Structure formats: C-alpha cells, structure tokens
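In what follows, chains are A, B, ... by sequence order, proteins preceding strands, each numbered from 1. Bear in mind the structure is a predicted one, so any value in this text is a computation, not a measurement.
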There are 2 protein chains.
Amino acid sequence: MNVSKSASQQGYHKGNLRDRLISTAETLLQHEELDALSLRRVAREVGVAPSAIYNHFSNLDELLAAVAADGYRQLVVLEQTAYGNIEDSETVLRQLIGDYLQFAAANPNLYRLMFSRRVVGYRALPEVGEAGDTSFKLSVEWWYGEGSYDPAKSAIHYPYALAVWSLCHGAAMSMLDGMVTMSEAPDQNVDALANVLADVLLQGARSVFSK
Amino acid sequence: MNVSKSASQQGYHKGNLRDRLISTAETLLQHEELDALSLRRVAREVGVAPSAIYNHFSNLDELLAAVAADGYRQLVVLEQTAYGNIEDSETVLRQLIGDYLQFAAANPNLYRLMFSRRVVGYRALPEVGEAGDTSFKLSVEWWYGEGSYDPAKSAIHYPYALAVWSLCHGAAMSMLDGMVTMSEAPDQNVDALANVLADVLLQGARSVFSK
DNA sequence: AACTCAATATGAACAACGTTCATATTGGCT
DNA sequence: AGCCAATATGAACGTTGTTCATATTGAGTT
C-alpha cells in the first residue's frame with residue numbers, strides 16, 4: 001500500500017466522476033427546479049453516458065441522497081458558526097433560526113431535495129435522514145444547555161428541539177412556496193420572519209402579539 | 001335551459017368520470033405511495049384510456065390539485081368542528097393541533113400531496129394554494145380572537161398564524177417521515193406530540209421543559 | 001322516430017425517464 | 001509488456017405524461 005494506492009482507488013478515466021456528478025447536480029439545482037434534475041440531465045451536463053452513473057451510485061436516489069448530504073453538511077457548518085459566537089443564548093437562537101431560513105431562501109431547490117420524501121423517507125444513505133434532523137437538534141440542544149451539551153439530557157430536550165426544527169422547517173416551506181407574502185427586500189423579510197419565530201419560541205405565541 | 005340541461009352538462013358515457021378519477025386517486029393514496037399515483041395508473045384503475053382524462057383535466061397536475069383540494073376541504077371541516085366546541089381557547093387550540101396531526105397521520109400520502117410543491121407551488125387551481133394555508137390560518141385567527149373573527153386584525157395575527165401552521169406542518173412532516181420516534185400506540189403519541197406543541201405555543205419553549 | 005352535433009372516449013404515437021446488460025476501453029500493478 | 005479490475009459505452013426495455021386523429025355516444029331538435 002503505497003501513497004498512490006488511495007489515488008488509484010479514486011482512479012477514473014475522465015475526471016473524478018462521482019464528485020463531478022454531485023457538484024454538477026448541485027449546480028443544476030441552483031438554476032432549475034427539482035423536477036428538472038433527472039439522471040439523464042446530469043449525465044448530459046457532465047458529458048457522460050447515463051449508464052456510467054451506475055458505476056458510482058446504485059440508484060438515482062443514491063445520487064440525490066449524496067447531494068442532499070452535501071447540503072446537510074453546509075447546514076451543520078452554519079449552525080456551528082452560529083453558536084460559535086459566545087453570546088447570550090437568545091442571540092444565538094435568533095441567529096440560528098435566521099441562518100436556517102437564509103440557507104433555505106438561498107438554496108430553495110437544494111433545501112427541497114434535502115427534505116423531500118425521496119431522500120428523507122427512504123434513507124438510502126446512513127448519513128441522510130439521521131444527519132438531517134439530528135444536526136439541527138443537537139445544536140438546539142446545545143443552545144438549550146447554555147453551552148454545555150449533555151447527551152444524557154437529550155431525551156428531555158428532544159421534543160423542544162423538534163418544536164424548534166418544525167417551526168423553522170414549516171416556515172421555510174411556506175417561504176419557498178410563496179405562502180408568506182414577501183413584499184420587498186427579501187433578506188430583510190427573512191430576518192423579520194426569523195425574529196417572529198424566535199419571539200414565539202422564547203415568550204410563547206400568546207404574549208408576542210397584542211391582544 | 002330546462003332542468004335536464006345541468007344534468008347533460010355532467011353527462012358522460014361511462015359514469016361521471018371526473019368525480020370517479022378524483023375519488024379513485026384518493027383511494028389509491030390510501031394504500032400506495034405518492035410516486036405510484038401516475039396518470040396512467042389512475043386511468044387503469046378506473047378502466048379508461050389515459051387520454052380520456054384530458055377531457056376533464058388539462059393536466060395531471062390539475063387532477064392532483066383537485067384531489068388535494070378535496071383534502072383541504074376535509075381539513076377545514078376538522079377545524080370548524082374543533083372550534084365549534086365553545087370551550088376555553090386553550091382547549092380549542094389543543095384540539096386544533098391534535099386533529100391536524102391526526103389527519104396527517106391518518107392520510108399520510110394525501111397530506112404529502114396537499115403540501116407538495118407540485119400542488120402548492122404551481123397553484124394550478126385557484127382554490128389550491130390559497131385555501132390550503134388560509135383555512136388553517138383563519139381558524140387560528142378565530143381562536144386568537146377568542147371567538148370573534150375580525151378580518152381587520154388579520155395582518156396582526158398573520159405571523160402568529162404562520163407560526164402555528166409552521167409548527168404543525170413541520171411536526172407532521174417529521175412524524176410522517178419517521179423522524180419522530182413513535183414507540184407504541186400511535187394515536188396516543190400523536191396526542192402527546194400535539195400537546196407538546198401547544199405547550200410551546202402557549203407558554204414559550206423555554207418554560208415548558210425543566211432547565 | 002330519425003338526425004345532428006357537441007361532448008366524450010379511444011388507440012396509436014412521441015419524447016423523456018430510470019434501469020439493465022453485453023460490450024468496449026482505460027490505466028495502474030505485476 | 002501484458003493482465004485485470006475499474007470504468008465508460010450504446011442499445012434496449014418498460015414506464016411515464018402528453019398530443020392528435022379517429023370513433024362513439026347520447027341529449028336536443030326537427
């Protein structure tokens with residue numbers, strides 16, 4: 001086993017196809033709807049035969065899951081950066097929710113893929129499904145623990161984390177599908193929405209709005 | 001224009017195809033995944049040529065939207081029944097959330113269709129998209145107004161209603177996709193989840209769980 | 001009671017899709 | 001230099017949504 005061995009394991013004929021498939025699929029999602037992301041479309045874009053994909057993924061679902069997993073990783077980075085700022089927990093929560101919504105707004109089709117049944121429901125890859133929700137739950141639990149994440153308290157914090165994620169996900173979906181009326185200045189509106197959600201979580205819905 | 005005219009407008013050769021298409025599609029959703037609900041599959045089930053559908057719907061999306069609209073109506077009935085009970089607003093909210101989650105749990109594939117991008121995003125039918133979210137928002141606003149629904153306050157209550165719906169929708173999705181660990185007795189678990197969500201909304205997340 | 005015509009159903013066709021398989025090509029290792 | 005596993009190809013199959021020309025139906029008019 002010399003050094004070149006690991007390189008040969010990733011050996012290929014026309015560039016590292018697996019990575020190129022994932023990245024081009026991700027690029028396509030930036031400009032086209034999720035429906036347009038077909039196996040043949042990706043193959044065409046990369047300049048390879050459709051059947052070549054099956055040397056690296058057993059399925060289209062597996063390719064999509066890999067793309068989604070990449071999105072999960074980006075989300076985890078956002079979260080880690082958010083609570084990397086040592087401030088009061090309220091500020092952290094607001095930034096957490098804000099970053100989450102901004103990510104969804106900036107990558108609508110990737111976000112839809114990440115939480116589509118195709119990826120989440122079938123759990124083709126072990127990292128998918130688990131990673132998708134646990135990443136956010138962990139960060140929330142971390143915040144709730146005021147900086148000290150205690151796995152033992154996980155069961156206690158679980159429903160709270162679920163509520164936080166549900167609120168964010170539902171709002172993100174409403175946003176992406178145009179249910180929320182976003183007048184002008186989308187970034188500003190996203191932040192405003194995030195703060196409303198944080199208010200509800202912090203103080204309860206009832207006290208947030210004047211009776 | 002005599003009486004039989006309206007009957008002749010709904011005239012058909014092999015039964016009222018439009019209604020039969022919608023109902024069979026809805027029946028199929030009770031036993032099969034959303035992917036399995038293809039245009040040809042519905043046509044096959046009804047016993048009609050695929051192209052016959054285009055005499056009643058211009059699209060597959062339009063047929064799916066009609067099915068979803070039927071789901072919306074069921075949801076509205078649930079909501080109206082919930083706040084038809086004149087009790088304290090907290091009880092109404094708990095029942096509202098509980099019924100919502102129970103509906104999603106009882107009709108997972110129909111629920112997924114109702115809030116799929118295919119139906120919500122494209123808004124093929126006017127009743128779809130609008131009706132889907134406004135129905136729930138209205139009932140929530142009604143509850144918030146303590147029985148007297150005031151359209152003028154709609155703008156004020158809007159973000160609150162959005163938060164409520166987001167919470168329910170996100171939790172429903174987590175539930176359907178197996179993110180929430182449902183041990184045994186699903187009905188009981190759904191109610192427990194609904195109460196947690198209501199707690200969060202009523203008191204704020206922070207005070208709900210012991211620090 | 002026969003006729004008419006719009007409404008409705010049919011069947012064949014097309015392009016695009018995911019997937020499979022036999023075949024061809026590549027490039028690192030002995 | 002040559003072998004062999006890894007990788008890429010192209011053709012094929014079944015399925016999908018959609019279109020179009022054609023056929024059938026049945027209610028309203030004569």
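- Between the Arg117(A) side chain and the Leu34(B) main chain, no donor and acceptor come within less than 3.5 Å of each other.
- Here the side chain of Asn109(A) pairs a donor or acceptor atom with the backbone of Glu32(A) at under 3.5 angstrom.
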In sequence, state the C-alpha distance, the side-chain angles, and the governing distance for Tyr100(B) and Leu78(B), and then conclude on side-chain contact (heavy atoms from CB on, under 4.5 Å).
CA-CA 8 Å; Tyr100(B) 190 89; Leu78(B) 278 184; over 6 Å; no

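- Within the model, atoms CG of Asp177(B) and CZ of Arg112(B) stand 5.0 Å from one another, a figure rounded to the nearest 0.5 Å.
- For the pair Phe57(B) CZ and dA9(C) C1', the interatomic distance rounds to 16 Å; values are reported in whole Å.
- To the nearest 0.5 Å, atoms CG (Leu201(A)) and CZ (Arg94(A)) are separated by 9.5 Å.
- Spacing between atom CD1 of Ile53(B) and atom C1' of dT10(C) amounts to 13 Å, rounded to whole angstrom units.
- Between Phe103(B) and Tyr111(B), the two ring planes are perpendicular [angle over 60°; tilted spans 30° to 60°].
- Atom CG of Leu17(A) and atom P of dT26(C) are 16 Å apart (whole Å).
- In this structure, His56(A) does not reach the dA6(D) phosphate: none of its side-chain N or O atoms is under 4.0 Å from OP1 or OP2.
- Between the CG atom of Asn55(B) and the P atom of dT8(C) there is a distance of 7 Å, given to the nearest Å.
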If the sugar-phosphate is the primed atoms plus P, OP1 and OP2 and the base is the rest, what is the B/S/- string for nucleotides 12-21 of chain C, using protein heavy atoms under 4.0 Å?
-B---BBBBB

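- For the atom pair Thr24(A) OG1 and Arg41(A) CZ, the distance stands at 10.0 Å (nearest 0.5 Å).
- Atom CG of residue Leu110(A) and atom CZ of residue Phe115(A) lie 9.5 Å apart, to the nearest 0.5 angstrom.
- Taking five base pairs at each end of the helix from dA1(C)-dT30(D) to dT30(C)-dA1(D) and finding the rotation axis that steps the C1' atoms of four pairs onto the next four gives two axes whose angle is 10°, to the nearest 10°.
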